[in-house]
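One-based numbering, in listed order, for ligands and for the atoms of each.
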Amino acid sequence: MQPHDALVLQDLYHDYDRLRAVDGVSLSVKAGEVVCLVGPSGCGKSTVLRLAAGLETLQSGRVAMRGETVGDPGKRIAVPPERRHVGLVFQDFALFPHLTVGGNVSFGLSQMPAAARDKRVREVLRQVEMESYVDAYPHALSGGQQQRVALARALAPEPSVLLLDEPFSGLDERLREQVRDDTLRLLRRNGTAALLVTHDPEEALFMADRIYLMRGGRIVQSGPPQDLYYRPVDLFVASFFSRVNEVGGIVRDGHVVSPIGRLSTPDRQEGTRVVVAFRPEAASLSQPVGADADGLNVEVQDTHFLGTGWIVHVLARDVEDRVVKLSVRLHGRPPKAGEKVALKVPPDAILMFSET
Ligand code: ADP
């Protein structure tokens with residue numbers, strides 16, 4: 001028998017007064033899977049998470065955990081949050097200040113006999129390397145330590161699914177990377193299914209087995225991180241994950257004519273305008289080329305050293321002969337400002353979208 005998905009959300013809608021915050025969202029988290037719900041601020045991510053947890057009243061749709069429906073207004077099912085077997089981790093950690101670390105972690109284990117409970121508390125604190133702080137109070141801990149205790153508290157009752165809302169945003173950058181890495185390893189080791197909300201594309205790429213990208217209350221694309229990065233369905237998805245160069249193109253004689261060359265296109269109508277895009281790291285610069293050769297002659301405008309490489313701005317001409325500025329990311333020494341060079345983009349790195 002197929003194991004049930006840890007979490008299934010089916011066709012969720014949610015309005016705040018007249019604002020439609022969630023507009024037909026469906027997603028699933030399989031057992032042991034780490035799924036990221038990502039998107040710009042205000043797109044409805046937290047509302048989806050709160051609906052999954054039961055913290056927000058479900059208006060329309062269905063929420064199921066391990067095959068059991070826990071929310072379905074049509075059937076008058078609304079299991080309260082504390083009976084949904086979810087672990088919650090939020091940005092502000094929200095540890096109880098008057099309880100010790102041990103007290104915080106044992107909070108959700110009140111049903112267990114005392115000896116088993118103490119054992120479990122120590123076990124999860126050991127997993128987050130906080131065992132020696134069992135008697136400390138939250139105010140005496142650093143942000144990173146509080147985060148780890150919050151994680152231990154959420155994991156202690158062995159939830160069906162862990163729901164995390166921007167759990168690393170309160171930490172400074174260095175610590176964030178460390179805690180993120182530790183959290184991911186812990187989830188993997190325990191085989192915990194998790195749904196993580198974040199506005200940070202890099203965090204989603206780093207953490208997720210699968211990503212759901214939201215915009216304006218809807219899921220615009222979902223799949224493994226590399227699918228969204230390399231095969232974005234539109235320019236919004238492409239530019240959400242990294243900077244992209246955008247140039248116009250027009251279909252002529254069965255090909256797209258664009259500033260970066262003549263490109264083949266699957267049956268687009270003659271005269272159609274398209275957006276041609278590529279990432280700065282996908283392009284290369286070399287010696288200028290003759291008229292018939294591949295590549296586009298451009299002029300270097302300026303260069304910027306980034307430590308890990310260089311950003312080179314070059315000026316090209318679009319199909320209407322207007323000057324367009326493009327960015328190229330290089331690892332080696334860049335050409336100098338004013339130099340004429342050839343810009344090349346491998347065909348498989350070229351993204352093409354219909355103009356909207
Ligand atoms: P995200 O997590 O992606 O930032 P939210 O789910 O928090 O998005 O919010 C989605 C939209 O709903 C936003 O426009 C936000 O202002 C609005 N919103 C969120 N919570 C409430 C609320 N309790 N009352 C009214 N509007 C809300």
Side-chain angles (χ1 to χ4, degrees), residues 7-29 33-65 70-73 78 80-82 84 86-94 147 150-151 154 159 161-171 173 176 179-180 183 193-223 225 228-229 232-242:
L7 173 70
V8 174
L9 307 180
Q10 245 173 21
D11 227 10
L12 304 191
Y13 288 84
H14 197 83
D15 296 341
Y16 293 111
D17 297 321
R18 278 203 209 118
L19 173 82
R20 174 137 299 176
V22 177
D23 194 8
V25 165
S26 297
L27 65 79
S28 64
V29 182
E33 199 182 27
V34 176
V35 170
C36 286
L37 185 57
V38 67
S41 184
C43 72
K45 309 179 293 295
S46 292
T47 304
V48 170
L49 200 83
R50 293 170 59 79
L51 290 169
L55 296 169
E56 197 76 57
T57 306
L58 188 61
Q59 296 169 351
S60 172
R62 175 175 170 264
V63 178
M65 283 169 185
V70 294
D72 186 342
E82 63 277 11
R84 285 197 179 190
V86 292
L88 298 171
V89 183
F90 295 108
Q91 180 182 344
D92 58 7
F93 320 139
Q147 227 309 345
L151 188 62
V161 61
L162 193 63
L163 303 174
L164 307 105
D165 193 351
E166 301 278 2
F168 314 116
S169 319
L171 306 170
E173 200 177 322
R176 187 157 64 224
V179 177
R180 215 188 248 169
T183 302
L195 178 63
L196 183 145
V197 157
T198 176
H199 67 280
D200 179 349
E202 204 179 292
E203 185 162 298
L205 294 173
F206 181 91
M207 298 285 290
D209 295 312
R210 278 189 309 127
I211 292 175
Y212 289 85
L213 175 57
M214 271 186 92
R215 181 191 200 184
R218 296 181 180 181
I219 307 282
V220 275
Q221 191 172 354
S222 65
L228 274 76
Y229 194 85
V233 293
D234 61 22
L235 195 58
F236 166 77
V237 178
S239 48
F240 183 79
F241 289 101
S242 89

> Is it true that a side-chain atom of D11 and a backbone atom of G61 form a donor plus acceptor pair closer than 3.5 Å?
Replying inline: no

> Can you list the atoms of ligand 1 that are under 4.0 Å from a heavy atom of L19?
Replying inline: 11 (C), 12 (O), 14 (O), 17 (C)

> Between S26 and Y212, which heavy-atom pair has the shortest distance, and what is it?
Replying inline: O-CE2, 3.9 Å

> Tell me, which protein residue and heavy-atom name are nearest atom 24 (N) of ligand 1, and how many Å apart are they?
Replying inline: Y16 CD2, 3.5 Å

> How close does the nearest protein non-hydrogen atom get to atom 8 (O) of ligand 1, and which residue and atom is it?
Replying inline: G44 N, 3.1 Å

> What is the nearest protein non-hydrogen atom to atom 9 (O) of ligand 1, stated with its residue, atom name and distance?
Replying inline: T47 OG1, 4.0 Å

>> Main chain of P40, side chain of K45: is a donor-acceptor contact present, judged purely on distance under 3.5 Å?
In response: yes

>> Distance under 4.0 Å to a non-hydrogen atom of S41: what atoms of ligand 1 satisfy this?
In response: 4 (O)

> What are the atoms of ligand 1, with element, lying closer than 4.0 Å to any heavy atom of C43?
Replying inline: 1 (P), 3 (O), 8 (O)

>> Which of the numbered atoms in ligand 1 are under 4.0 angstrom from any heavy atom belonging to K45?
In response: 1 (P), 2 (O), 3 (O), 4 (O), 6 (O), 8 (O)

> Does R180 come within less than 4.0 Å of D200, counting only side-chain N to carboxylate O?
Replying inline: yes

> Please state which protein non-hydrogen atom is closest to atom 10 (C) of ligand 1 and give its distance, to 0.1 Å?
Replying inline: G42 O, 3.4 Å

> Taking the side chain from D17 and the backbone from L19, do they hold a donor-acceptor pair closer than 3.5 Å?
Replying inline: no

>> Return the closest protein heavy atom for atom 7 (O) of ligand 1 as residue, atom name and distance.
In response: S46 CB, 3.7 Å

> Which heavy atom in V22 sits nearest to a heavy atom in L12, and how many Å separate them?
Replying inline: CG1-O, 3.4 Å

> Is atom 16 (O) of ligand 1 less than 4.0 angstrom from at least one protein heavy atom?
Replying inline: no

> Any sub-3.5 Å donor-acceptor pair from R210's side-chain atoms to S28's backbone N or O?
Replying inline: yes

